[in-house]
Amino acid sequence: MAGVDELIAKEGVEEETVEAVKSLAGTYKYGWETEIEMEYAPKGVNPDIVRLISGKNDEPEWMTEWRLEAFARWEKLDEPAWALLNYPEIDFQDQYYYARPKSMEEKPKSLDDVDPKLLETYQKLGIPLKEQMILAGVEGAEDMPAEGRKVAVDAVFDSVSVGTTFQEELKKAGVIFCSISEAIREHPELVKKYLGSVVPVSDNYYATLNSAVFSDGSFVYIPPNTRCPMELSTYFRINAENTGQFERTLIIADKGSYVSYLEGCTAPQRDTAQLHAAVVEIIIEEDAEVKYSTVQNWFPGDEEGKGGIYNFVTKRADCRGDRSKVMWTQVETGSAVTWKYPSCILRGAESQGEFYSIAITNNYQQADTGTKMVHLGRDTKSRIVSKGISAGKAQNTYRGLVSMHPKAKNSRNYTQCDSLLIGDKCGAHTVPYIEVKNNSSRVEHEATTSKVDEEQMFYCRQRGMDEEEAVALIVNGFAKEVLQALPMEFAMEAQQLVAISLEGSVG
Amino acid sequence: MLKINNLHVKLEEEDKQILKGVDLEVPAGKVHAIMGPNGSGKSTLSYVLSGRDGYEVTKGDATLDGEELLDMEPEERAAAGLFLAFQYPVEIPGVGNMTFLRTAVNAQRKARGEAEMSAADFLKFIRAKAKDLKIDADMLKRPVNVGFSGGEKKRNEILQMAMLEPKMCILDETDSGLDVDAMKLVSEGVNALRDEGRSFLVITHYQRLLDHIKPDVVHIMAAGRIIKSGGPELALEVEHNGYADILAEIDA
């Protein structure tokens, strides 16, 4: 549903990308499964599994110890129950915590040695050929001439990162972009300094579990005064059945640097629920800026609410330096259950945090999502724009905290929280928490709830659109402020996703 | 073109008959006007023909070029060539006017089994049409009808009509809320679209619109029925004497 005005603004986007986006029509597009030979660790989680995961990644002793401590803590914790979510009890011992494609054991020499199924997977995800080769680990693929748009991609397939593109070019700029397992081996000083410094091991049940069993994820370091020469992107794919995915992302933006980071998530269609518990930590030093965009499209479960991903994610950015800036943008269309509150710690003076969110729930999906803006430094600013859309029998909750600490003098927050209902069997809830502990700060909160208007629907249909096109158009308009905050390619994909996720929501 | 035969319509939610046997035929290339006092059923007729919810057809039918209209979904009627210029055009926040129109044009083309219009062709097409109606680039980018003045909204309706190239256009009180200049612009827009293959049904309270859009036939509607039909002079008669005389004539 890309309008002509968007298309014009997007000249420069590769035809290939446009075509890929166009072909997104249909119901859940990423529901296929790749039949690939996998190597599994035994089901369940215990110190041996933790050691095994650590061993598979050739980790140093300190890392193994860090994980084991996390596991010991986790065993003493209870699953939180405060969210407005209803799901059957998760048996954490009935999951695989480690799975990787067998073909990754040895590095393939050419495309012919790569498991064709793996290549097919990347193709279906819309990753260009050269990047496919690099991701498949083909030797020398990096040196081939680049084609198409430049986005460095790191792909995480079930438990392991299968490759990162454009490494050489990034290295020239001093940027480190690699899998977290590689970073632990190659850059231990950075990992030791920052890992767990934003989301401590003890933070919450899912983050603690992640700390013990995370198998891979992405690592980014942008050196001082460096603008990352391209956008960085990670694709997460859960493929194997009954496998939990626990990825860990660590992004460090040193003084005066800038990076835009994109994250995309898909999973096959299955009737059993799968677990996903990720942790993302971002450290932003003085005058640095990070943009983090997510299009989360995990399998949402079918029309009856069977299957889907249980998504328990802890994402947090720490604006440590003065004048540092972070912007979270998320489009949450997938998952059966979403529990996710990307947050900003505004520690540096004049630091800024922004959170833009679209959460769409249809059928039996449930989302409890929002943000935390913790103002610690003086003259800090935050802005929250949340657009929740509910259809079918879904429940959509915005839960957000704005906290002004005593030293956060002259700080500002603006929150806008809009809910749109489609049909009369769904629900929208807004739970804002506001704490102000100084008298020079200001907090504004605006909230609206509306229904898709029948007049609007009739107007669109009289002009020739069917009900689904009309709803998609109206909802995209409702969510426009957030869509505009996304990088170009993602914005187009997100618009299509809005249409797909709401299929069957009217009539 | 459009044939309405003994059409009876009641409100879905309550037991209230609005149309009580409307008979009307608009041949291809003709402009018919419907005038009538408030509550006579004029707007209801336009809504029922275009398929809006809330009405129940209890008797009669309506066809467009022989196709039964009342069985179709609203978007199918649109693709078959029926266009309604709304009395109160609807606002759609966040959706650019151009995006809206392009979606509509391509939806109709798809429904008719035609290829989508390319972005470049669409742009050329809309710029030409917009220029005629004095609609500037800014108005094309702004969200559909949001913050538009009364005149802008009605011009925008005519722009949509020009872009969608329907065969049967229904104008529901397009003159309401227009000043003289805007009415002229809108009328010129409509007149530019007059063509052998295209028919118009112009619903209005006032004769003045019909000075600009010259009708072939004028119908007077009252109490859910067409009570009198005639040439353009009938509109003038209403303008001078009001509806009272005609109503009395019928009752007598």
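Just so it is clear, the values below take in all heavy atoms, side chains as well, and ignore hydrogens, waters and symmetry mates. Residue numbers start from 1 in every chain, and the chains themselves are labelled A, B, ... in the order their sequence lines are given, proteins ahead of strands. As the structure is a computational prediction, the values presented were derived from the model and not from experiment.
A:Met465 CE to B:Glu75 CD: the interatomic distance, rounded to the nearest 0.5 Å, is 10.5 Å. How far CG of A:Asp453 is from CD of B:Glu91: 10.0 Å, rounded to the nearest 0.5 Å.
Panel note: side chain A:Gln462, backbone B:Leu82; a donor-acceptor pair is recorded below 3.5 Å.
For the options B:Glu73, B:Arg77, B:Gln108, heavy-atom pairs under 4.5 Å to chain A are most numerous at B:Gln108. Of all the listed residues (A:Gly477, A:Ala470, A:Ala479), the one sharing the greatest number of non-hydrogen pairs under 4.5 Å with chain B is A:Gly477. Of the listed residues A:Arg463, A:Gln456, A:Arg461, the one with more heavy-atom pairs under 4.5 angstrom with chain B than any other is A:Arg463. Comparing B:Ala79, B:Pro89, B:Ser50 by heavy-atom pairs within less than 4.5 Å of chain A, the highest count is held by B:Ser50.
Checked against salt bridge (charged side-chain N to carboxylate O under 4.0 Å, His left out), A:Arg399 has the following partners two or more places apart in sequence or in another chain: A:Asp368. Listed by chain and number, the residues in a ring-ring contact (aromatic ring centres under 6.0 Å, His included) with A:Phe458 are B:Phe86 (sequence neighbours excluded).
Among residues at least two apart or in separate chains, ring-ring contact (aromatic ring centres under 6.0 Å, His included) pairs with a member in residues 93-116 of chain B are A:Tyr459-B:Phe100.
Residue-environment remark: CD (B:Glu68) exceeds the threshold of 12 foreign heavy atoms within 6.0 Å. Enclosure of atom CD in A:Glu454 is not indicated, since only 12 or fewer non-hydrogen atoms of other residues, nucleotides or ligands lie within 6.0 angstrom. Annotation: B:Glu25, atom CD; neighbour count of heavy atoms from other residues, nucleotides and ligands within 6.0 Å is above 12. Within a 6.0 Å radius of OH in B:Tyr88, no more than 12 heavy atoms belonging to other residues, nucleotides or ligands are found. Around atom CD of B:Glu13, no more than 12 heavy atoms belonging to other residues, nucleotides or ligands sit under 6.0 Å away.
Scanning all heavy atoms of the two residues, the minimum distance from B:Ala107 to A:Gly464 falls at CB-O, 3.3 Å. Annotation for B:Val95 and A:Leu473: closest pair CG2-O, 3.2 Å, computed over non-hydrogen atoms.
Neither the backbone nor the side chain of B:Glu76 comes within less than 4.5 Å of any heavy atom in chain A.
Taking a cutoff of 4.0 Å between a charged side-chain nitrogen and a carboxylate oxygen, B:Arg52 and A:Glu455 qualify as a salt bridge.
Identified by a heavy-atom distance below 4.5 Å to chain A, the contributing residues of residues 150-171 of chain B are B:Glu157, B:Gln160, B:Leu164, in residue-number order.
At a threshold of 4.5 Å between non-hydrogen side-chain atoms, the residues B:Ile92 and A:Ile474 count as touching.
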